[in-house]
Amino acid sequence: MSVVVKVPAVKVEEKLFQNRYKVDSGRPHISIIDEDKCRNHCEAQACTVCCPAACWTAEANGQVTVISDGCLECGTCRIVCDEHRNVAWEYPRGGYGILFKFG
Amino acid sequence: MSEKFDVIVVGAGPSGNAAALRLAEAGLSVLQIERGESPGSKNVQGAILYSDALEKLIPDFRDDAPLERHVIEQRMWVLDDNSFVGSHYRSDSFNKEPYNRYTMIRAQFDKWFSERVQKAGALLICETTVSHLLLDGQRVIGVMTDRQGGEIYADAVILADGVNSLLAKKAGFHPELKPKNVALAVKEIHFMPQEMIEQRFGVKGDEGVVIEMVGKITKGMMGTGFLYTNRESIAIGVGCMLSDFKNQKITPYELLEQMKAHPSIQPMLEGGEMKEYTAHLIPEGGFNAIPNLYGDGWMIVGDAGMFVNAVHREGSNLAMTTGMHAADTLIELRSEGKEFTSANLKRYKARLDESFVMKDMKKYKNMPDVFHTNPQFFNDYPDLISQAARTMLTVDGVDKKTKEKEIRKSFRQRRSLFGLMGDAFKLWRAFE
Amino acid sequence: MHIVVCIKQVPDSAQIRVHPVTNTIMRQGVPAIVNPYDLFALEEALKLKDKYGGRVTVLTMGPPMAEAALRKAISYGADDAVLVTDRAFAGSDTLATSCALASAITQIHKDMPVDLVFTGKQTIDGDTAQVGPGIAKRLNMQLLTYVSKVRSVDLENHEITVERRSEGGVQLLKTSTPSLITVLEGTNEMRFATMTNMFRASRYQIKVWNREQAGIEDVTSVGLKGSPTVVSKVFAPTPRAVKAEIIQCVGDDPKELSVTLLAKVFAKYPKLEKEIAKRAV
Amino acid sequence: MSEAPEVKKPMGKKRIELDDRLKAYKGVWVFVEHERGKIHPVSLELLGEGRKLADSLGVELAGVVMGLPGEVTRSFCHEAFFHGADLCYLMEDALLTDYRNEPFTKGLTDLVNKYQPEILLLGATTLGRDLAGSVATTLKTGLTADCTELNVDLDARSLLATRPTFGGSLLCTIQTLNYRPQMATVRPRVMPMPDADTARTGRIIEDTLGMFEKDIITKVLEFIPDAMQDKPQLPFADIIISGGRGMKKPENFKLIWDLAKVLGAEVGATRPVCQAGWVDLERQVGQSGKTVRPKLYIAAGISGAIQHRVGMDASDVIIAINSDPNAPIFDFAHYGIVGNAMTILPMLTEAFRAHLATARKAG
């Protein structure tokens with residue numbers, strides 16, 4: 001049997017805290033097109049697993065919610081939703097969003 | 001009154017900067033639009049800079065470009081759960097100037113590059129997102145930005161807007177990316193005193209080390225890990241195909257965290273301070289995923305055109321080269337008094353076909369498929385290889401010949417002899 | 001109406017790192033930004049310009065790279081920008097800085113009379129809140145600090161009415177122009193620049209003045225020589241000797257953790273328990 | 001930021017080193033700030049600190065009281081004596097009823113020029129910073145703002161004023177070498193409040209402002225006190241419950257408000273949370289926000305970055321709830337719970353509520 005490496009629970013918020021953002025409050029640049037599709041027609045809800053900033057959450061009632069404040073603007077959620085095309089994805093307004101210090 | 005330029009370049013990354021630099025040097029009026037606060041503030045790379053592409057554009061780049069370390073040692077590690085088998089290639093020939101490979105920090109590099117572009121005469125506008133292309137029928141006549149009074153016109157628009165390239169998709173020039181054509185990479189930068197890095201990696205001055213990793217760190221997904229030494233920081237990251245993340249339900253930052261906790265990697269990060277966490281998609285679909293690259297009044301360069309050589313981890317050099325060829329095409333047409341029509345812009349594609357860009361893309365065109373359909377390359381082999389090493393290196397009274405036999409047996413148990421030969425053949429074919 | 005807005009380019013202090021061994025500031029990756037407090041001042045000035053007409057001139061003292069801050073101000077809608085830069089200014093403290101800026105404003109005034117000077121309430125790198133008052137005194141202007149709202153401007157009678165935050169409330173003040181106003185944060189929200197202004201900012205030729213051009217004749221009134229204060233020591237805060245006592249219980253049940261915590265805290269701090277008990281009424 | 005050069009710095013044509021005229025400057029002064037009939041607590045804190053400075057320099061500690069004529073203003077002198085002052089300079093004038101920069105700057109500048117203190121301290125309040133900046137520029141002397149620590153270098157009789165810089169990640173000590181008085185403003189709630197000794201008394205030296213209303217350009221039309229506006233009073237709160245980014249969503253701040261309600265506490269927050277608009281900017285604790293010194297500070301989902309720490313680490317008891325056992329907050333909190341603030345806060349609220357119910361029955 002292989003040895004399992006013990007890893008402390010990852011808190012992505014602590015990682016994101018190191019990043020620099022200019023949040024465009026009240027103007028999320030990502031949204032769900034049809035919430036019903038996520039709830040009733042998508043088993044995988046891959047966005048909630050694959051988003052590297054944990055912007056997407058699978059709620060207990062089957063709904064999916066997105067809060068794009070910590071978004072790294074990678075595009076994963078949009079592309080991973082290839083069966084339903086249910087993500088409305090734009091870049092934030094000029095100058096807003098993630099501001100990489102090192103990139 | 002709306003402004004009009006000869007060319008609008010969307011994006012101030014390596015491809016956009018290369019294009020804008022060439023165009024401005026040739027005396028065309030160029031507007032470059034960047035959505036970040038400054039060039040680089042939206043861009044992510046490992047980052048290794050290969051000097052040849054940049055040298056063609058800026059021969060004296062070494063004078064003032066913000067380079068971190070020149071690479072004198074390349075390590076390839078194959079990791080299992082708690083050990084690795086590795087090869088190190090270190091050569092003093094890498095210590096002879098002019099150096100050929102550097103580590104760098106993209107946010108700083110892009111800013112420097114852009115300053116050169118502006119000095120050449122291009123006008124740069126930052127903090128402005130291009131929301132869509134202005135079309136006259138099928139012809140691109142300009143762009144619309146997200147600012148009030150945002151229409152700007154141009155004879156040609158170069159789309160250097162990166163892997164997500166929403167503009168081309170909105171205009172219907174190419175379809176949405178597929179999860180199997182992009183890798184998702186996550187990365188952290190850890191700062192630590194310069195002396196610590198030098199001691200830990202056995203380097204001095206500006207010398208640097210690059211470690212590429214495959215194996216159990218990607219949990220059987222198609223992908224690699226990397227660790228690059230900067231002057232006073234270390235970049236560590238891992239990237240795997242998005243389709244694999246999706247199918248295997250693996251969370252990227254957990255994958256990175258587990259990789260960082262690997263007993264072979266953890267000591268290299270000790271004492272560092274994590275200062276940024278980034279994520280980015282890498283277009284790894286290869287030759288077969290390259291979209292249509294030009295049309296009436298428009299061209300695609302860099303990541304937007306899927307120009308990444310996944311096997312050799314090359315991207316920014318392809319980006320700069322495609323940007324350069326796009327610009328040179330326009331310059332040539334302008335000097336001949338020809339319009340930027342689709343028929344004329346065909347020359348861009350021809351230039352790329354002639355260059356190393358398309359030749360390399362073609363050479364590895366089957367690689368993505370081979371890896372996609374044969375997970376053993378990322379799953380079984382790393383395990384077997386390190387098991388073999390462990391067996392051979394453990395002194396336990398068993399003779400070497402018996403050990404070799406055991407190793408061969410274990411390989412055959414996991415992959416049939418036919419499978420092994422088949423794998424070798426597939427790789428050879430893909431590389432060829 | 002002519003408003004001069006004094007701004008400063010500062011390192012984004014939230015991103016500053018201190019070298020763990022040498023205690024020096026590590027600047028790599030620390031972006032230079034417009035002091036966020038100054039943006040409230042600029043926006044307030046631009047709003048007045050929208051309402052009453054006139055011009056807004058932005059002014060900064062700093063190294064040549066501070067041009068970027070002025071360019072940004074132009075993109076938001078400022079009309080002119082002046083950068084005062086000279087080696088002689090190196091090491092200026094707040095007194096010397098206010099001297100240089102006051103002198104530059106006097107020069108600007110010669111071209112077009114200045115009615116109002118705006119600044120942010122303080123900078124995020126120095127946090128002194130002294131340069132504004134200093135400029136006002138040197139120019140013999142009325143000083144209105146921590147202004148949360150400009151209620152009205154009477155151009156004919158040279159009068160302005162503002163709300164000023166003071167310790168126990170808000171003062172409604174009326175004064176005559178020219179006056180200097182330091183603007184409180186949260187007063188407004190910076191506008192999203194128009195495309196026209198973005199182009200204007202990219203092409204704008206910033207006026208760069210050296211010491212003489214800024215009208216400063218006495219070299220000893222600026223820089224190190226003009227600064228009565230000196231920094232005698234820079235050091236990192238000392239860590240507290242004792243770390244937190246971590247409350248634990250079997251299974252980490254939140255309820256049990258909470259009860260255990262209160263018991264421990266009250267056992268050690270009976271005064272605190274009394275203080276809290278007072279709230280039981 | 002310049003490093004300290006060891007040279008004496010010449011100013012203008014006259015002064016090369018601390019000249020005889022400046023040597024005559026003696027004594028430590030504290031400007032006694034009051035508004036609406038009450039002394040600002042920072043002035044009393046400063047008297048406590050000023051007492052120590054005066055004792056080590058072997059000089060007297062004076063309070064400066066300016067206000068409208070009457071018993072109330074005069075009573076502030078006595079309160080200053082109770083808290084350590086040896087004497088008070090009292091300037092009474094109807095023009096000093098409300099704070100206005102012009103008459104207060106003139107009054108304080110005149111007093112300084114006439115009685116020549118070597119150190120002049122003010123609270124780093126809106127009033128103190130407004131007045132100190134004006135007075136220092138008028139006197140062309142050095143002023144160190146927003147200090148958190150004061151000491152003296154006895155050899156040079158020089159005030160060592162220490163303040164946070166670069167967002168609190170570093171501290172720097174600043175000296176005024178060849179100018180007098182040496183001025184500093186000090187953050188409220190940083191120095192301890194001295195105990196009042198009502199047996200103490202002292203001399204009152206009265207002086208006049210010598211201004212007329214017509215000389216003063218700025219007029220106060222109205223004063224709108226905060227009580228009517230329901231502004232949070234964080235710096236003087238005895239209990240503060242604060243939240244940081246670890247609260248994850250603005251909605252989760254309700255858990256903090258719930259606990260605050262039970263304890264009659266104020267709600268605070270970190271800078272990122274305030275900037276994201278989750279709570280009012282007035283509630284920001286830290287370097288660019290408020291300095292607080294409550295008897296109990298509960299930090300939920302706060303990592304404890306230095307920018308936040310400088311604003312609250314003088315609190316009597318700090319309790320931290322954070323899911324990261326390595327968060328810096330646990331390095332300076334008194335008690336910690338490693339866990340999810342969202343599940344622990346409601347239980348903590350419940351525990352406090354139960355405790356209060358018991359106290360109510362008993363009391």
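Convention: sequence-line order gives letters A, B, ...; per-chain numbering from 1.
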_Part of C:Asp93 lying under 4.5 Å from any heavy atom of chain D_ = neither
*asked:* To the closest 0.5 Å, what do you measure between CD1 (D:Ile217) and CG (C:Leu173)?
replied: 13.0 Å
*asked:* To the nearest 0.5 Å, what is the distance between CD on C:Gln130 and OG1 on D:Thr137?
replied: 7.5 Å
*Below 4.5 Å from any heavy atom of chain D, which atoms of C:Val219 appear? Answer side chain, backbone, both or neither.*
neither
*asked:* Need one label for C:Leu272: side chain, backbone, both or neither, based on atoms under 4.5 Å from any heavy atom in chain D.
replied: side chain
*Who among D:Thr185, D:Val317, D:Leu281 has the most heavy-atom pairs with chain C under 4.5 Å?*
D:Val317
_Which portion of D:Thr349 sits near chain C, non-hydrogen atoms under 4.5 angstrom_ = neither
_What part of D:Leu127 gets within 4.5 angstrom of chain C, counting heavy atoms only: side chain, backbone, both, or neither?_
backbone
*Look up atom CD1 in D:Ile224 and atom CD in C:Glu163, then write down how far apart they are to the nearest 0.5 Å.*
5.5 Å
*Under 4.5 Å between any side-chain heavy atoms of D:His355 and C:Glu273, yes or no?*
yes
*Measuring heavy-atom distances to chain C, does D:Ile306 have an atom under 4.5 Å in its side chain, in its backbone, in both, or in neither?*
side chain
_What part of C:Glu275 gets within 4.5 angstrom of chain D, counting heavy atoms only: side chain, backbone, both, or neither?_
side chain
*At a heavy-atom separation under 4.5 Å, does D:Val220 approach chain C through its side chain, its backbone, both, or neither?*
both
*asked:* Taking every non-hydrogen pair under 4.5 Å, which of D:His40, D:Arg353, D:Met347 racks up the most with chain C?
replied: D:Met347
*Residue part contacting chain C, namely of D:Glu222, when any heavy atom lies under 4.5 Å*: both
*asked:* For C:Gln122, which atoms come within 4.5 Å of any heavy atom of chain D: side chain, backbone, both, or neither?
replied: side chain
*For D:Ser134, is it the side chain, the backbone, both or neither that has a heavy atom under 4.5 Å from a heavy atom of chain C?*
both
*Which atom names give the shortest non-hydrogen contact between D:Thr141 and C:Pro228, and what distance separates them?*
C-CG, 3.6 Å
_Determine whether a donor-acceptor pair (N or O, by modelled atom type, separation under 3.5 Å) exists between the side chain of C:Ser232 and the backbone of D:Thr173._
yes
*For D:Glu33, is it the side chain, the backbone, both or neither that has a heavy atom under 4.5 Å from a heavy atom of chain C?*
side chain
*D:Asp130 versus chain C, the contacting section by heavy-atom distance below 4.5 Å*: both
_Does any backbone or side-chain atom of D:Leu345 lie under 4.5 Å from a heavy atom of chain C? Answer side chain, backbone, both or neither._
neither
*Option that, when pairs with chain C are counted at under 4.5 Å, heavy atom only, ranks first among D:Ile321, D:Thr176, D:Thr126*: D:Thr126
*asked:* With a 4.5 angstrom heavy-atom cut-off, is it the side chain or the backbone of C:Leu261 that approaches chain D, or both, or neither?
replied: side chain
*If you count heavy-atom pairs under 4.5 Å between each of D:Tyr335, D:Tyr99, D:Phe352 and chain C, which one has the most?*
D:Tyr335
*Quick one: OG on C:Ser258 to CD on D:Glu350, what's the gap to the nearest 0.5 Å?*
9.5 Å
*Between C:Thr161 and chain D, which part of the residue has a heavy atom less than 4.5 Å away: side chain, backbone, both or neither?*
side chain
*Determine whether D:Leu160 and C:Lys233 make a side-chain contact, defined as any pair of heavy atoms from C-beta on separated by less than 4.5 Å.*
no
*Between chain C and each of D:Val310, D:Leu143, D:Ile337, count heavy-atom pairs under 4.5 Å; write down the option with the most.*
D:Leu143
*Below 4.5 Å, heavy atoms only, C-beta onward: do C:Lys271 and D:Asp316 meet side chain to side chain?*
no
*Does any heavy atom of chain C fall under 4.5 Å from the side chain of D:Arg271, the backbone, both, or neither of them?*
side chain
*Given that the side chain runs from C-beta out, which part of C:Ile246 has a heavy atom under 4.5 Å from chain D: side chain, backbone, both or neither?*
both
*At a heavy-atom separation under 4.5 Å, does C:Lys264 approach chain D through its side chain, its backbone, both, or neither?*
both
